[in-house]
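Everything below concerns the one structure shown next.
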Amino acid sequence: MGALLMSIIRVEGATKEYYLGKTVVPALRGVDLQVEKGEFLAIAGPSGSGKTTLLNLIGCIEKPSAGKVSIDGVDTAHLTSDELADLRATKIGFIFQNFNLLPVLTALENVEYPLSIRKIPAREKRRKARQLLEAVGLSRFLHHKPLELSGGQRQRVAIARAMVADPAMILADEPTANLDHTTGQEILNLMKQMNAERKTTFLFSTHDPKVMAIAQRVVPLSDGIVADPQR
Ligand SMILES: Nc1ncnc2c1ncn2[C@@H]1O[C@H](COP(=O)(O)OP(=O)(O)OP(=O)(O)O)[C@@H](O)[C@H]1O
Ligand SMILES: [Mg+2]
């Protein structure tokens with residue numbers, strides 16, 4: 001198959017086991033998932049079904065116990081930790097459920113942060129960060145620190161930070177879980193717009209009906225496996 005048809009994400013038979021003392025916790029029990037460039041999809045499942053674990057494997061934050069995770073045609077098992085860091089920095093934007101903003105930095109500095117290892121002029125980094133914050137409607141809050149922002153505003157900073165390096169994909173772990181209905185809907189519309197304009201691939205984990213309604217495809221996860229959608 002040619003490069004044009006290469007899936008951006010390909011997970012094959014991925015399992016993940018955690019060890020709690022002598023107890024084995026099977027968080028994922030053989031997941032197959034293929035995501036094409038530009039998709040806007042949700043992984044839906046109850047608490048404990050393995051959503052965060054799957055996102056962490058795809059985001060190269062954790063490695064599978066068995067099975068394979070390929071990003072843009074590259075099997076991540078063969079990469080060194082430097083190569084993995086580079087892959088994360090250039091191809092993947094991560095929006096964590098609790099935002100993970102750095103509390104001592106302003107909104108602008110938080111968004112600039114993923115560019116810090118890039119060899120581009122400081123002025124250019126600042127310009128990009130400002131542009132993204134404007135795109136998420138925060139031009140009046142550039143110099144606010146996370147504690148000086150509302151939950152929805154923090155979520156917007158996290159989205160801007162995930163987008164600033166122009167990644168091929170954004171992984172968002174329950175992006176609306178901490179937001180009220182209206183703010184959640186606004187944030188989703190914003191991501192949908194970025195998906196349409198920049199062709200960025202979006203992968204959400206969720207149990208929010210709003211997210212499932214806006215997603216192009218919903219992959220049901222149950223007890224560490226992709227449940228049969230036909231059932
Ligand atoms: N670091 C860990 N150590 C041990 N067990 C873990 C660890 N992380 C996750 N688990 C276990 O793996 C299973 C899947 O967890 P995961 O966090 O992926 O679920 P989730 O679908 O994201 O749930 P939630 O909706 O509550 O966020 C759970 O049984 C959880 O207790
Ligand atoms: Mg989770």
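All ligand and atom numbering here is 1-based and tracks the order in the structure. Everything quoted here is computed from the prediction, not taken from an experiment.
Counting only protein atoms, the N, O or S atoms lying less than 2.8 Å from the Mg ion (ligand 2) are T52 OG1, ordered by chain and residue number.
At a heavy-atom cutoff of 4.0 Å, ligand 1 is surrounded by Y18, L20, V25, A27, P46, S47, G48, S49, G50, K51, T52, T53, E174, H207.
Residues T53 and N56 have side chains that never bring a donor and an acceptor to within less than 3.5 angstrom of each other. At a cut-off of 3.5 Å, with distance as the only test, no side-chain donor of S139 or E134 sits close to an acceptor on the other residue. For the residue pair T200/N195, the side-chain donor-acceptor check at 3.5 Å is not satisfied. For the residue pair S7 and E36, a side-chain donor N or O sits within less than 3.5 Å of a side-chain acceptor on the partner.
Contacts of F141 classified as ring pair (Phe, Tyr, Trp, His ring centres under 6.0 Å), with partners at least two apart in sequence or in another chain: H144.
Looking at every heavy atom in both residues, H207 comes nearest to K51 through ND1-NZ, 4.2 Å.
Classification of D32 and R10 as a salt-bridged pair fails, no side-chain N sitting under 4.0 Å from a carboxylate O.
Sparse packing is recorded around NZ of K145, with 12 or fewer heavy atoms of other residues, nucleotides or ligands lying under 6.0 Å away.
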Could you go through residues 72-84 and list every donor-acceptor pair under 3.5 Å that involves a side-chain atom there, pairing it with any protein atom two or more places apart or in another chain?
{"residue": "D72", "atom": "OD1", "partner": "K37", "partner atom": "NZ", "Å": "3.4"}
{"residue": "D72", "atom": "OD2", "partner": "K91", "partner atom": "NZ", "Å": "3.3"}
{"residue": "D75", "atom": "OD1", "partner": "A77", "partner atom": "N", "Å": "3.0"}
{"residue": "D75", "atom": "OD2", "partner": "H78", "partner atom": "NE2", "Å": "3.4"}
{"residue": "T76", "atom": "OG1", "partner": "V69", "partner atom": "O", "Å": "2.8"}
{"residue": "T80", "atom": "OG1", "partner": "E83", "partner atom": "N", "Å": "3.1"}
{"residue": "T80", "atom": "OG1", "partner": "E83", "partner atom": "OE1", "Å": "3.4"}
{"residue": "E83", "atom": "OE1", "partner": "T80", "partner atom": "N", "Å": "2.9"}

